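Worth saying up front: this structure is predicted, and the values here are computed from it rather than measured. Atoms within each ligand, like the ligands themselves, are counted from 1 in listed order.
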Amino acid sequence: MEKTWRWFGPNDKITLDMLRQIGVEGIVTSLHHIPNGEVWSLDEVLKMKNFIEDHGLRWSVVESLPVSESIKYAGPDRDQLIENYKESLANLGKAGVKTICYNFMPVLDWARTELEYPNPDGTSNLYFNKAEFAYFDIHILKREGAEKDFDEETLRRMREEVAPRMDAEAERRLVDNIIVKTQGFVNGNISEKDLQPVEKFRSLLELYKGIDADKLRANMAYFLNAIMPVCDEYDINMCVHPDDPPMQILGLPRIVTCDADIQAFLDAVPNPHNGLTFCAGSLSAGAHNDVPALARKYASRTHFVHARICKPQANGDFREASHLDPRLIDVVRTFETLRPEVPMRVDHAPLMLGDEKMGYNAGYSFHGRMLALGMVSGMMATIDAEKK
Ligand code: DNO
């Protein structure tokens with residue numbers, strides 16, 4: 001697979017020169033300065049492309065070209081926003097940037113409750129604590145009916161283990177982790193500039209009243225059918241990112257969570273340009289997913305791979321596991337064997353060796369990801385050597 005790296009643009013503290021030294025071949029990035037829904041002009045696309053190429057690398061993947069909420073819930077301006085999306089795609093196609101990662105998660109992109117969860121070896125990682133998430137949903141957001149979305153054991157943990165340690169500061173940190181710090185840098189709905197993130201978040205949830213999984217699926221198919229002619233014209237591969245975590249949260253529908261979901265959106269628009277980002281990490285956070293089997297089943301419709309893996313706990317929590325986990329080796333083997341041309345980036349690595357002082361975006365450390373890239377590159381080299 002092509003070794004790529006998610007880079008957040010010229011302001012990223014990790015420079016393209018650093019990335020060349022550690023074996024990165026291609027860059028995964030977005031035009032983060034353009035607000036969601038606006039057209040990416042050919043000029044802006046070329047500026048980014050040339051900047052990357054001037055540093056001896058190539059722009060391999062767009063992550064993400066964000067899909068506006070209104071396209072997801074079918075708001076009155078969705079057709080205009082789809083036209084803008086098509087124009088951005090055409091400009092990317094003209095510039096030769098042809099792999100586009102996006103997601104179709106309502107309101108909240110990925111979700112974590114802890115960003116620096118300590119590991120026994122002194123490093124730290126991302127963590128999803130279901131009981132803390134329940135506390136956020138029930139006591140901070142105060143979402144109507146939230147309590148019935150959690151099992152008895154999670155509610156007990158929330159009452160006995162989480163609630164007693166929640167003061168104003170701990171609540172602020174939880175809000176920050178779940179809807180602010182993890183969202184702004186991925187061009188999500190809430191950023192550090194928002195003074196009342198919880199209020200804003202509540203009004204976003206309102207937009208989805210009456211939208212169930214079937215409606216969301218229909219809206220996704222509507223969007224995909226509308227953009228496929230542009231993808232056909234420029235040979236652009238769209239690859240949806242699975243829902244992270246791959247389960248229902250906050251009363252919102254989630255439609256890319258499991259085998260049946262993936263099959264359904266691929267079948268709904270059976271064009272090879274309608275494909276998947278195989279994020280092994282997101283899928284593995286659900287104990288219902290057999291991730292190596294999914295990799296084998298969907299390799300031919302996968303256009304981009306995220307290499308990481310999670311360990312779901314019996315209580316519904318999950319943690320990011322080592323990039324050397326056998327399930328990830330299996331996934332890498334599958335793609336390196338069946339689809340060696342697809343781009344792959346390592347994802348969500350630990351904070352280590354001073355990363356924690358650098359203010360990197362959550363999950364996107366330098367040393368941690370460099371170590372992970374070394375691990376995955378080693379697997380790839382071994383698999384290639386065995387093929388000969
Ligand atoms: C988090 C990322 C996601 C991903 C988007 C793609 O670390 O994997 O934010 O970029 O969901 O649209």
Notebook entry, point to check: Of all residues at least two apart in sequence or in a different chain, which pass the ring-ring contact (aromatic ring centres under 6.0 Å, His included) check with H367?
Noted result: none

Would you mind writing out a table of all protein N or O atoms found under 3.5 Å from any N or O atom of ligand 1, naming both atoms and giving the distance to 0.1 Å?
| from | atom 1 | to | atom 2 | distance (Å) |
| --- | --- | --- | --- | --- |
| ligand 1 | 7 (O) | H348 | NE2 | 2.7 |
| ligand 1 | 7 (O) | Y364 | OH | 2.6 |
| ligand 1 | 8 (O) | H241 | NE2 | 3.2 |
| ligand 1 | 9 (O) | D109 | OD1 | 3.0 |
| ligand 1 | 9 (O) | D109 | OD2 | 3.3 |
| ligand 1 | 10 (O) | R6 | NH1 | 3.3 |
| ligand 1 | 10 (O) | R6 | NH2 | 3.4 |
| ligand 1 | 10 (O) | E63 | OE2 | 2.5 |
| ligand 1 | 11 (O) | N103 | ND2 | 3.2 |
| ligand 1 | 11 (O) | D109 | OD1 | 2.9 |
| ligand 1 | 11 (O) | D109 | OD2 | 3.2 |
| ligand 1 | 12 (O) | S64 | OG | 2.6 |
| ligand 1 | 12 (O) | N103 | N | 3.4 |
| ligand 1 | 12 (O) | N103 | ND2 | 3.0 |

Next item on the list: With sequence neighbours excluded, tell me which residues meet ring-ring contact (aromatic ring centres under 6.0 Å, His included) with H303.
Entry: none

Margin query: Could you tell me if the side chain of I14 sits less than 4.5 Å from the side chain of W5, heavy atoms only?
Written below: yes

Next item on the list: With R159 as reference, evaluate E153, E147, E152 under the salt bridge (charged side-chain N to carboxylate O under 4.0 Å, His left out) test and give the passing residue.
Entry: E152

Next item on the list: Under the ring-ring contact (aromatic ring centres under 6.0 Å, His included) rule, collect the residues that match up with Y102, sequence neighbours excluded.
Entry: F223

Check: Is the NZ or CZ atom of R369 positioned over Y360's six-membered ring, under 6.0 angstrom from the centre and within 45° of the axis?
Finding: no

